[in-house]
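See below for the structure under consideration.
As the structure lists them, so they are numbered: ligands from 1, and atoms in each ligand from 1. Atoms considered below: every heavy atom in the structure, side chains included; atoms not considered: hydrogens, waters and symmetry mates.
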Amino acid sequence: MAVHVPKGWELPERAVTPEHIFLNRRQIVRGLAAGSIMAAVPGLALAARASDDPSAGLYPVVRNERFPAGEGRELTSERKATRYNNFYEFGTSKKIWKAAQALKIRPWEVRIDGEVETPRTIAIDELLSQMPLEERVYRHRCVEAWSMVVPWTGFAFSEFVRFANPTANARYVAMETFLDPDTAKGQRQDWYPWPYVEGLTMAEANHELAFLVTGLYGKPLPRQNGSPLRLAVPWKYGFKSIKSIVRFTFTAERPLSFWEEMNAREYGFWANVNPDVPHPRWSQATEKDIGTGERIPTQIFNGYGEWVASLYAGNTDSTLYR
Ligand SMILES: Nc1nc2c(c(=O)[nH]1)N[C@H]1C(S)=C(S)[C@@H](COP(=O)(O)O)O[C@H]1N2
Ligand SMILES: [Mo]
């Protein structure tokens, strides 16, 4: 008997329960007028901060339903996703969200150079006005064995590649985070190879899942989540998803990423999620969902195998999964 096994994109959306946006824009404006009352309520202060962002009027945008959250997964609450972060520029604990408010997100320019027809620098708001924004619910799996499910807003990396117009010599794209030790105290710790760098092959960058993120929960991206521009490559460990990007350099040579430079044995260039390849110091078989608190099995390519496995067909690199 032929059994029809549904593909991920055929599964119902019931697994994802969009949470209510607890403040609408009018409430935020009213809150701003209330001034000092805001300071007493941290949640309100943060929402007001997001509305300070000149791109606030672009949100929310329509969700692309092509990428389901997965059976049994719920959206992680906005509060959890914005209060439990990795952003070493602001400290090595998960509680950097307050420190990250020091980040100056305007003016913000993005440099595009290396193997491109015409190197250029573009202001973030100009870039935003040229890219087709959509919302996508993605799973995010940190190498530390925790995970979340969040609605990012952004644009397909392939759209950005088209805009950047790389030459035929480009085989990789390197991305770089800002460097500003005055506001980011973590960058005064000089044993780290600042600035944070990550990279993808051109095939990965052009893959439909590779997403450049500018928003979260239908609002501009909070600073602690990597405002104003970060990457989301959900089939890879979270450290690949570089935050607060200021530069894209197209190259013929594979870039050396921040974590690879720190410890190549533990964190490689590929970093594809695989439950069967343990980290040298812990198992990757399961992960803790920081929303539900449940421990759940980790899936190959974080459950995106049906989309991305073909990218690595015939790739026998022993570091494909770390
Ligand atoms: N520039 C920069 N990008 C970064 C990091 C960082 O420390 N600095 N941490 C990475 C790691 S390990 C993870 S898990 C995710 C965390 O993203 P989130 O805080 O939005 O959940 O960001 C990634 N991008
Ligand atoms: Mo991570």
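- Given atom 21 (O) of ligand 1, the protein heavy atom at minimum distance is Met148 CE, 3.1 Å.
- In summary, the side chains of Glu134 and Asn64 do present a donor paired with an acceptor at a separation below 3.5 Å, with no hydrogens or angles considered.
- Within ligand 1, the atoms closer than 4.0 Å to a non-hydrogen atom of Cys142 are 14 (S), numbered from 1 in the order shown.
- Heavy atoms of Tyr267 come nearer than 4.0 angstrom to ligand 1 in no pair at all.
- Classified by interplanar angle (parallel below 30°, tilted 30° to 60°, perpendicular above 60°), the ring pair Phe90/Phe178 is tilted.
- Every N/O-N/O distance between Trp146 and ligand 1 stays at or above 3.5 Å.
- Inspection of the Thr251 and Arg171 side chains reveals no N or O donor paired with an N or O acceptor under 3.5 Å.
- For Arg136 and Trp152, the positive end is not near the middle of the six-membered ring at less than 6.0 Å and at most 45° from its axis.
- Partners of Glu261 according to the salt bridge (charged side-chain N to carboxylate O under 4.0 Å, His left out) rule, which considers only residues two or more places apart in sequence or in another chain, do not exist here.
- Nearest non-hydrogen protein atom to atom 14 (S) of ligand 1 is His140 NE2, 3.3 Å.
- When the heavy atoms of Glu89, Arg230, Lys80 are ranked by distance to atom 17 (O) of ligand 1, first place goes to Arg230.
- Of the residues listed (Phe301, Tyr312, Phe67), the one engaging Trp307 in a ring-ring contact (aromatic ring centres under 6.0 Å, His included) is Phe67, and it is the only one.
- Less than 4.0 angstrom separates some heavy atom of Ile242 from each of these atoms of ligand 1: 3 (N), 24 (N).
- Annotation: cation-pi geometry satisfied between Arg139 and Tyr304 (NZ/CZ under 6.0 angstrom from ring centroid, within 45° of ring axis).
- Closest to atom 3 (N) of ligand 1, if we only count protein heavy atoms, is Lys243 N, 3.1 Å.
- Looking at Trp194 against ligand 1, nothing comes within 4.0 Å, counting heavy atoms.
- Ring orientation note: the planes of Trp259 and Tyr192 are nearly perpendicular, at an angle over 60° on the 30°/60° scale.
- Heavy-atom proximity to atom 23 (C) of ligand 1, evaluated over Ala81, Ser241, Ser244, is greatest for Ser241.
- For the residue pair Thr177 and Arg230, no side-chain donor N or O sits within less than 3.5 Å of a side-chain acceptor on the partner.
- Within ligand 1, counting atoms from 1 as listed, the ones closer than 4.0 Å to a heavy atom of Phe87 are 1 (N), 6 (C), 7 (O), 8 (N).
- Nearest non-hydrogen protein atom to atom 6 (C) of ligand 1 is Tyr196 CE1, 3.4 Å.
- The protein atom (non-hydrogen) at minimum distance from atom 7 (O) of ligand 1 is Tyr88 N, 2.7 Å.
- Residues Ser244 and Tyr196 have side chains that never bring a donor and an acceptor to within less than 3.5 angstrom of each other.
- A side-chain contact (heavy atoms from CB on, under 4.5 Å) with Glu198 is found for one member of Lys243, Glu260, Lys240 and no other, namely Lys240.
- Contact annotation: for Phe239 versus ligand 1, heavy atoms closer than 4.0 Å belong to both the backbone and the side chain.
- Residue-ligand proximity: Lys240 is placed with every non-hydrogen atom at 4.0 Å or more from ligand 1.
- The option from Val213, Thr82, Thr177, Asn86 that lies nearest to atom 9 (N) of ligand 1, judged by heavy atoms, is Asn86.
- Here is the list of ligand 1 atoms found below 4.0 Å of a heavy atom in Asn225: 18 (P), 20 (O).
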